[in-house]
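What follows is one structure encoded as structure tokens, with my remarks underneath.
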Protein chains: 2
Amino acid sequence: MEPVTKQFKKRNAILACLKSTDSHPSADWIYAQLKNEYPDISLGTVYRNLTLFKQQGMIQSLGTVGGVERFDGNTDPHVHFICTGCDSVIDLPQMEVPQSLCSRAAEDTGGRVAACQLTFTGTCQSCCLRKTS
Amino acid sequence: MEPVTKQFKKRNAILACLKSTDSHPSADWIYAQLKNEYPDISLGTVYRNLTLFKQQGMIQSLGTVGGVERFDGNTDPHVHFICTGCDSVIDLPQMEVPQSLCSRAAEDTGGRVAACQLTFTGTCQSCCLRKTS
DNA sequence: GATGTAAATGATAATCATTCTCATCAAGGA
DNA sequence: TCCTTGATGAGAATGATTATCATTTACATC
């Protein structure tokens, strides 16, 4: 199961870590996870490689939540829900932005549309329960 | 035309400045604009009051574009296009997120949905032209 | 008009996520 | 073996945002 080459060992680990979770983590969270297996990993390396993966389209960024950038290893188009109470991000995988809106956007702007992002914000179920209890 | 009270003079100016533009500015941009009329205004005051307006629902935040938070004085639901070339933000006022998606989001999460944001990213018309020329 | 109070503000320091720099190291080719 | 290239670690630098605190302002009461 060992990779043939030890090159890109940490790089691959960063990508694998992000792909293996649906928690839409921050760079710091990934860093903390990998710190166990790679005690000498640097936070700079995590940022560096996340930027690289972004450029290559292998991952996507959700933008910042509470001042921190959050990443998503799932590049399939899907919708997100962000809880303003606990900053958790939840996938809404069954939902999709109608294609008609995307083409309208390109027409209306006269530019090129590369991606679209639909995000709901509100209070998640557990935060709702916490408040009423 | 002078307001009856001079209280909240700068606060009102900040809100008026944001409401009077469709450029979806940053705190720093608003600060630079007001610096002319109010040479002693502080950047902290701009941030403070924008945070206040946000909490009161009088304005909305678009999140960060190129690492800086951008604001919108228009709280009517509408769609945005962000150019990754020049970081400009353009309104797509005719477009709306189908109500069916919003209710689906509430159902699927079991939480409370407060807002939704649909954002297209890509290259605006002038950046497209600049590239090909 | 003098005074007290509470809120608003300016100046600036502090915070903190992110990026940059540079020395070091590993891998592969000549 | 030597050389080149790219990846990394450590830590400094950056820069947007927030916090602090002394000062000012507006308004109410006397």
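Chain letters run A, B, ... following the sequence lines, proteins first, then strands; residues in each count from 1. Treat the numbers as computed from the prediction; the structure is a model and nothing was measured.
Nucleic acid contact class of B:D28 (heavy atoms, under 4.0 Å, all strands): none. Residue contacts shown for B:G67 are limited to sugar-phosphate atoms, with no base heavy atom under 4.0 Å away.
Side-chain N/O atoms of A:T64 and A:E69 include no donor and acceptor closer than 3.5 Å. Side-chain N/O atoms of B:T51 and B:R48 include no donor and acceptor closer than 3.5 Å.
Close to C:dA8, at under 4.0 Å from its OP1 or OP2, lies a side-chain N or O of B:R11. Contact annotation: B:K9 side-chain N/O to D:dT25 OP1/OP2 distance is not under 4.0 Å. The phosphate of C:dG10 has OP1 or OP2 within less than 4.0 Å of a side-chain N or O from B:T45. Contact annotation: B:Y47 reaches the phosphate of D:dT17 (side-chain N/O to OP1 or OP2, under 4.0 Å).
Checked for salt-bridge contact, A:K35 and A:D40 miss the test: no charged N lies under 4.0 Å from a carboxylate O.
When rounded to the nearest whole Å, the span between CG of A:N12 and P of C:dA27 equals 14 Å. Atom CD1 in A:I14 sits roughly 11 Å away from atom C1' in D:dA7 (whole-Å rounding). The nearest whole Å value for the distance from the CD1 atom in B:I41 to the P atom in D:dT25 is 15 Å. What separates CZ of A:F8 from C1' of C:dC25 is a distance of 15 Å, to the nearest Å. For A:D87 and C:dA17, the CG to P distance is 12 Å, given to the nearest whole Å. Atom CZ of B:F71 and atom C1' of D:dA16 are 11 Å apart (whole Å). To the nearest angstrom, P of C:dT18 lies 11 Å from CD1 of A:I30. Between the P atom of D:dA19 and the CG atom of B:N49 lies a distance of 14 Å, rounded to the nearest Å.
Closest to the side chain of B:V68, out of D:dG9, D:dA16, C:dT18, is D:dA16. Nearest to the side chain of B:D40, among C:dG10, D:dA10, D:dT18, sits C:dG10. Closest to the side chain of A:K10, from the set D:dT8, C:dT18, C:dG10, is D:dT8. Here the nucleotide nearest the side chain of B:L43, chosen from D:dT17, D:dG9, C:dG10, is D:dT17.
Ring geometry for B:H24 against B:H80 counts as perpendicular: the plane angle is over 60°, on a 0 to 90° scale with 30° as the lower cut.
If B:G44 and A:T51 are placed on DNA chain C by their nearest nucleotide, the residue sitting closer to the 5' end is B:G44.
For A:R48 against D:dG9, a side-chain N or O and a base N or O form a donor-acceptor pair under 3.5 Å.
Residue A:E37 qualifies as open at atom CD: its count of foreign heavy atoms under 6.0 Å is 12 or below.
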